[in-house]
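Right, one structure below, let's go through it.
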Amino acid sequence: MTAHKTVQDYIRTIPDFPHEGILFRDVTTLFQDARGFRLAVDQLLSPYVGARIDRVAGLEARGFILGGAVAHQLSKGFVPIRKKGKLPARTIEQDYELEYGRATVEIHDDALEPGEKVLIVDDLLATGGTAEAGIRLVERLGAEVVGCAFVIDLPDLGGRKRIEAMGVPVHAICAYEGL
């Protein structure tokens, strides 16, 4: 009898990408395998089954793939949080820090209603900067983030602590130690 595969079994590690000394966790191999992808989506949404969630927000870009699938399974609408300049209607924006510099994400200013409960989804939690910016956008529209769900947590980079310090619970399917 073969052992059941975990989500981690479908994730490829690529050494020295994008810089020397980095072990890049590649989820494209997870996405391309039907069983792996279903397993990841099921595990992402499992803590939220039966919870009040009005919308799922996905962080660009892999969060769109995962968030769309989670929204579909929960029968909820999907809201993209995109890099600046990519959304066609009126937006609000939020800056955040990158390793070298700053970036900006946006959400349509009519994407959420005050009081709506939102689940934010992405593939990877590292420093938490993008997720924090997404949380701030959702909250600025008057909605409430009920949780952030990720396939991978890199705990040594502090993102989980950063998001939980904002009062938002974090769910991650798997974690990789180190950078």
Side-chain angles (χ1 to χ4, degrees), residues 7 25 27 30-31 40-99 102-176:
V7 167
R25 309 305 177 172
V27 294
L30 171 69
F31 294 167
V41 170
D42 288 349
Q43 288 182 19
L44 278 173
L45 67 85
S46 67
Y48 308 102
V49 173
R52 180 180 162 209
I53 293 173
D54 300 302
R55 302 249 199 269
V56 175
L59 301 172
E60 188 164 332
R62 290 173 295 272
F64 295 174
I65 298 164
L66 294 159
V70 168
H72 172 76
Q73 287 299 102
L74 294 174
S75 297
K76 302 300 176 187
F78 176 79
V79 175
I81 297 176
R82 298 211 62 185
K83 293 175 183 167
K84 183 178 173 86
K86 299 289 186 180
L87 291 171
R90 272 198 345 227
T91 62
I92 61 170
E93 63 183 49
Q94 182 71 45
D95 293 335
Y96 65 99
E97 298 291 326
L98 293 170
E99 189 177 354
R102 297 176 66 75
T104 304
V105 289
E106 295 179 320
I107 191 171
H108 279 134
D109 67 2
D110 61 354
L112 300 167
E113 296 292 327
E116 284 189 315
K117 308 288 188 191
V118 179
L119 172 64
I120 294 178
V121 176
D122 203 1
D123 67 321
L124 179 85
L125 177 59
T127 65
T130 310
E132 179 181 342
I135 291 166
R136 294 197 185 285
L137 286 172
V138 167
E139 290 176 343
R140 285 171 56 199
L141 291 178
E144 176 190 345
V145 178
V146 297
C148 287
F150 304 92
V151 173
I152 300 168
D153 181 16
L154 301 178
D156 294 345
L157 297 179
R160 176 185 286 270
K161 288 180 182 157
R162 181 177 184 173
I163 300 309
E164 289 174 343
M166 297 177 75
V168 176
V170 172
H171 167 60
I173 297 172
C174 60
Y176 290 92

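The model shown is predicted, which means the values in this text are computed figures rather than measured ones. Scope of the values below: all heavy atoms of this structure, side chains included, with no hydrogens, waters or symmetry mates.
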*Minimal non-hydrogen separation, Gly77 against Ala71, with atom names*: O-CB, 4.0 Å

*If you look at every heavy atom in Ile135 and Cys148, which pair is closest and at what distance?*
CD1-SG, 3.8 Å

*Provide the closest heavy-atom pair for Tyr96 versus Val105 in the form atom of the first, atom of the second, distance.*
CE2-CG1, 3.7 Å

_Can you tell me how far apart CD (Glu106) and CG (Leu87) are? Round to the nearest 0.5 Å._
6.0 Å

*Using 4.0 Å as the upper bound for N to carboxylate O, is an ion pair formed by Glu144 and Lys117?*
yes

*Provide the closest heavy-atom pair for Arg52 versus Val146 in the form atom of the first, atom of the second, distance.*
O-CG1, 4.3 Å

*Check for a donor-acceptor pair, side chain of Arg140 on one end and backbone N or O of Asp109 on the other, with a separation under 3.5 Å.*
no

*Judged by atom type as modelled, is there a donor-acceptor pair below 3.5 Å linking the side chain of Glu139 to the main-chain atoms of Val145?*
no

*Say whether, by atom type as modelled, one donor and one acceptor occur between the side chain of His108 and the main chain of Val79 under 3.5 angstrom.*
no

*Approximate separation, where rounding is to 0.5 Å, of Thr130 OG1 and Leu125 CG*: 9.5 Å

*Contacts of type side chain to side chain contact (heavy atoms under 4.5 Å, CB included), residue Ala143, not counting sequence neighbours*: Leu112, Glu116, Val118, Val138

*Cut-off 3.5 Å, side chains only: do Asp95 and Thr104 have a donor facing an acceptor?*
yes

*Please determine which of Val170, Val56, Leu59 meets the side chain to side chain contact (heavy atoms under 4.5 Å, CB included) test together with Ile120.*
Leu59

*asked:* For Arg62, I'd like to know if atom CZ has over 12 heavy atoms of other residues, nucleotides or ligands within 6.0 Å.
replied: no

_His171 NE2 to Arg160 CZ distance, which is reported to the nearest 0.5 Å_ = 9.0 Å

_In the structure I gave you, are the side-chain heavy atoms of Asp54 and Lys76 within less than 4.5 Å of one another anywhere?_
no

*Starting at CZ of Phe31, measure out to CD1 of Ile65 and round the result to the nearest 0.5 Å.*
4.5 Å

*How many angstroms lie between CD in Gln73 and CG in Asp42, if you round to the nearest 0.5 Å?*
6.5 Å

*Taking all non-hydrogen atoms of both residues into account, name the closest pair between Ala172 and Asp153 and its distance.*
CB-CB, 3.7 Å

*Looking at Lys83 and Glu60, what are the two nearest heavy atoms and their distance?*
N-OE1, 2.9 Å

*Is there a side-chain contact between Leu141 and Leu137 (heavy atoms, below 4.5 Å)?*
no

*Please round to the nearest 0.5 Å and tell me the distance separating atom CD1 of Ile107 and atom CD of Glu93.*
13.0 Å

*So does Arg90 have more than 12 non-hydrogen atoms from other groups sitting under 6.0 Å from CZ?*
no

